[in-house]
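The figures here come from the full heavy-atom set of this structure, side chains too, leaving out hydrogens, waters and symmetry mates. Order of the sequence lines sets the chain letters (A, B, ...), proteins ahead of strands, with each chain counted from 1. Model, not experiment: these values are computed from the prediction.
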2 protein chains.
Amino acid sequence: MSRQPEKSSEAELLQGTLDMLILKVTALQPIHGYAIAQRIQQISRDALQIRQGSLYPALYRLENRGWLKADWRTTEGGREAKFYSLTPQGRRQLAVETAGWRRLCDAISLVLETAE
Amino acid sequence: MSRQPEKSSEAELLQGTLDMLILKVTALQPIHGYAIAQRIQQISRDALQIRQGSLYPALYRLENRGWLKADWRTTEGGREAKFYSLTPQGRRQLAVETAGWRRLCDAISLVLETAE
DNA sequence: GCGAGATGCCTAGGATGTCAAGGTATGCTG
DNA sequence: CAGCATACCTTGACATCCTAGGCATCTCGC
């Protein structure tokens, strides 16, 4: 996985969804920032790409709000990395955001599928 | 339909979806701004609420980019109103945005449904 | 042994889009 | 005539994202 030269420039993110995605990935297991972006990209089959310039401010934001907490550990590769895990409030928040997302998805589908 | 006092404050919009929604609604038939917001709200069963402060800048934006064109007509109520209709480019754009939206929806679903 | 690339963190600055809150004017209805 | 719905618009604040940098370590190929 190469650095940021961005081949395709596709893959814009929808504002507001990033937090939810991060919460979801950290809910699977404690994981460090750099790997979060990789994981999301991998799970979404490259449809979603998180830029570092979006990722780290988001992590800071989420930790600050108490959704995530961080501690330094060493990766399998033997490096220091900041591992994030979901707090109970974070878990609640994830549920809230997921519900909101689905509502929104449904609502937009309604509009998009209006034939008349 | 009362003015903007905003009872519930729910119904946040996802940044980037507004343009698509407007394009879709104007694709159904020429329609004026004020009615666009009503229509979207109605179709989505009140799940989506477009604020005027979002609506008019968006309309300006879309017209400026050539997706929409506007002309003044009179409503059934006998008022002057600016009717917007979709241009051919607008129709193409709608298709583009719809496709992008679905890709994104699917991608996010993939992440949200990861159980592991 | 050395350079390139991957891993890992971070920040500053600008662009964009949405929202809250205001404003104007007209028509209908009680 | 007061109040509300209709219909338009603008301003300023704010959040979020992206571009584009920077830093340090480790590994691999040459």
Check every strand shown and say whether Arg73(A) touches a base, only sugar-phosphate, or nothing at a heavy-atom separation below 4.0 Å.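 Since no nucleic acid heavy atom lies under 4.0 Å of Arg73(A), the category is nothing.
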So what does Gly78(B) hit on the nucleic acid, given a heavy-atom distance under 4.0 Å: a base, only sugar-phosphate, or nothing?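 Here Gly78(B) touches no strand at all.
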So do the side chains of Leu18(A) and Leu55(A) get within less than 4.5 Å of each other, counting heavy atoms only?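 They are not in contact (no side-chain heavy atoms under 4.5 Å apart), so the answer is no.
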Between Arg39(A) and Gln29(A), is there a side-chain heavy-atom distance shorter than 4.5 Å?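 In contact.
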Nearest-nucleotide pick for [X], side chain only, options being [options]:
X: Ser54(B); options: dC10(C), dT18(C), dA7(D); answer: dT18(C)
X: Pro57(B); options: dA7(D), dT10(D), dG17(C); answer: dT10(D)
X: Ala81(A); options: dT7(C), dC9(C), dT10(D); answer: dC9(C)
X: Leu13(A); options: dC10(C), dC18(D), dT18(C); answer: dC18(D)

Length of the line joining [X]:[atom1] and [N]:[atom2], which is rounded to integer Å:
X: Gln38(A); N: dA6(C); atom1: CD; atom2: C1'; answer: 9 Å
X: Gln52(B); N: dC19(C); atom1: CD; atom2: P; answer: 12 Å
X: His32(A); N: dA6(C); atom1: NE2; atom2: P; answer: 15 Å
X: Arg65(A); N: dA15(D); atom1: CZ; atom2: P; answer: 8 Å
X: Arg79(B); N: dG27(C); atom1: CZ; atom2: P; answer: 7 Å
X: Glu76(B); N: dG27(C); atom1: CD; atom2: P; answer: 17 Å
X: Ile22(A); N: dC17(D); atom1: CD1; atom2: C1'; answer: 12 Å
X: Leu14(B); N: dC19(C); atom1: CG; atom2: P; answer: 10 Å

More 5' along DNA chain C: Phe83(A) or Thr17(B), using each one's nearest nucleotide?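 Nearer the 5' end of the strand: Phe83(A).
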Linked, directly or transitively: Leu62(A) and Met20(A) (ILVMFWY side chains, under 4.5 Å):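 Yes, Leu62(A) connects to Met20(A) through the hydrophobic network.
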Taking only the side-chain nitrogens and oxygens of [X], find out if one of them lies under 4.0 Å from OP1 or OP2 of [N].
X: Arg51(A); N: dC17(D); value: no
X: Gln49(A); N: dC18(D); value: no
X: Tyr56(A); N: dC9(C); value: yes
X: Gln15(B); N: dC19(C); value: no
X: Tyr34(A); N: dC9(C); value: no
X: Thr75(A); N: dG8(C); value: yes
X: Arg61(A); N: dC17(D); value: yes

Would you check if there is a donor-acceptor pair between the side chains of Glu97(A) and Gln93(A) at a distance under 3.5 Å?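 Distance-only check passes for Gln93(A) and Glu97(A).
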Quick one: on DNA chain D, does Leu18(A) or Leu55(B) contact a more 5' nucleotide (nearest heavy atom)?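 Counting from the 5' end, the first nearest nucleotide belongs to Leu55(B).
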What I want to find out is whether Lys69(B) reaches Asp71(B) closely enough, with some N-O distance under 4.0 Å, to be called a salt bridge.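 Result for this pair is no, no salt bridge flagged.
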State whether the side chain of Ser44(B) and the backbone N or O of Ile40(B) hold a donor-acceptor pair below 3.5 Å, judged by distance alone.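 Answer holds: yes.
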